Amino acid sequence: MITWRRVAEADFGLLREWLAQPHVARWWHHDTSPEAVARDFGPAARGEEPSDDLVVMLDGTPVALVQRCRFADYPAYRAELAGQIDVPEAAVTIDYLLGDPARVGVGLGPRVIRAIVAATWTDWPDVSAVVVPVHADNRASWRALEKAGLHRIGTAELDPDNPADSRAHYVYRIDRPADAPTRHGGSES
């Protein structure tokens, strides 16, 4: 069963481990020092940032991080993307990583994405779409989005997380289904 909870400061050591994994570091390019992790994840953990930073668990074991936020809460990011792709006013985006390399390539990524997207419709009933830019070279990530039911709607030139990468990104989207439920319990079987 997939469940999740908000990232807490007690999770920062785990996040540092995950961010240092080669399959994560390649794309996230994040400073793994205690200070950097506290700086970048602390505000969301304390509820001072409007994003949801979530530790995702499989059968109670932490396996992934998902960040979910409304584009409206990050207007500069929305403007950069909306200049190239249609981004609905009430859209959200997600970012994600699987921390344990042994869990990569076994179908867990699409399951996590599907579960978070399904929860988004009920957690935030006003959200009309989930729009996710992903670096064009990150095939594993964009394939996970496709397997989770998102569709590539175009390309965009965006600043990459890793400065060694080009600006080329694919943009994926899924719209709120007409029959989206109105309540969600925060888990997926």
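A quick note: this is a predicted structure, and the numbers were derived from the prediction, not measured. Along the sequence shown, residues are numbered consecutively beginning with 1.
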Closest contact, heavy atoms only, H23 versus G99: CE1-O, 3.4 Å
Min side-chain heavy-atom separation L19-Q21 under 4.5 Å: no
Residue pairs fulfilling side chain to side chain donor-acceptor pair (under 3.5 Å) with at least one residue in residues 90-101, sequence neighbours excluded: Y96-S141
side-chain contact (heavy atoms from CB on, under 4.5 Å) evaluation trace for Y172 with V131: CA-CA 6 Å; Y172 284 80; V131 178; over 6 Å; no
Considering all heavy atoms, the nearest A129-R173 contact: CB-NE, 3.8 Å
Validation row: D165, W27 side chains within 4.5 angstrom (heavy atoms): yes
W4 to A119 - nearest heavy-atom pair and separation: CZ2-CB, 3.4 Å
D11/R6 salt bridge by N-O under 4.0 Å criterion: no
Same cluster (ILVMFWY, side-chain, under 4.5 Å), L65 and I113: no
Linked, directly or transitively: L15 and L98 (ILVMFWY side chains, under 4.5 Å): no
Within-4.5 Å side-chain heavy-atom neighbours: V7 and L54: no
Sequence neighbours excluded - salt bridge (Lys or Arg N to Asp or Glu O under 4.0 Å) pairs with any residue from residues 136-151: R143-E146, E146-R152
Check against side-chain contact (heavy atoms from CB on, under 4.5 Å), Q84 and E157: CA-CA 8 Å; Q84 303 173 68; E157 296 291 316; 3.7 Å; yes
salt_bridge(R68, D53) N-O dist < 4.0 Å: no
Within-4.5 Å side-chain heavy-atom neighbours: D40 and F12: no
Within the 6.0 Å centroid threshold, strictly below: H30 and F41: yes
Cluster check V87, V127: I/L/V/M/F/W/Y, side chain < 4.5 angstrom: no
Verdict with supporting geometry, L158 and E80, side-chain contact (heavy atoms from CB on, under 4.5 Å): CA-CA 7 Å; L158 303 169; E80 179 184 22; 3.5 Å; yes
Any side-chain heavy-atom pair of V171 and T155 under 4.5 Å: no
NZ/NE/NH1/NH2 to OD/OE distance under 4.0 Å, D31 and R39: no
Shared hydrophobic cluster for V24 and I116 (ILVMFWY, side-chain gaps under 4.5 Å): no
Check: R167 main-chain N/O paired with H169 side-chain donor or acceptor under 3.5 Å: yes
Common cluster, V66/M57, ILVMFWY with side-chain heavy-atom separation under 4.5 Å: no
Heavy-atom side-chain proximity of E89 to S128 below 4.5 angstrom: no
Chi angles and distances behind the side-chain contact (heavy atoms from CB on, under 4.5 Å) call for W28, L97: CA-CA 9 Å; W28 280 63; L97 65 84; 3.6 Å; yes
Pairwise side-chain contact, R70 with D73, heavy-atom cut-off 4.5 Å (strictly under): yes
Electrostatic pair R26:D161 at N-O distance under 4.0 angstrom: no
Side-chain touch Y77/C69, heavy atoms, less than 4.5 angstrom: no
Under 3.5 Å donor-acceptor, R176 side chain and W121 backbone: yes
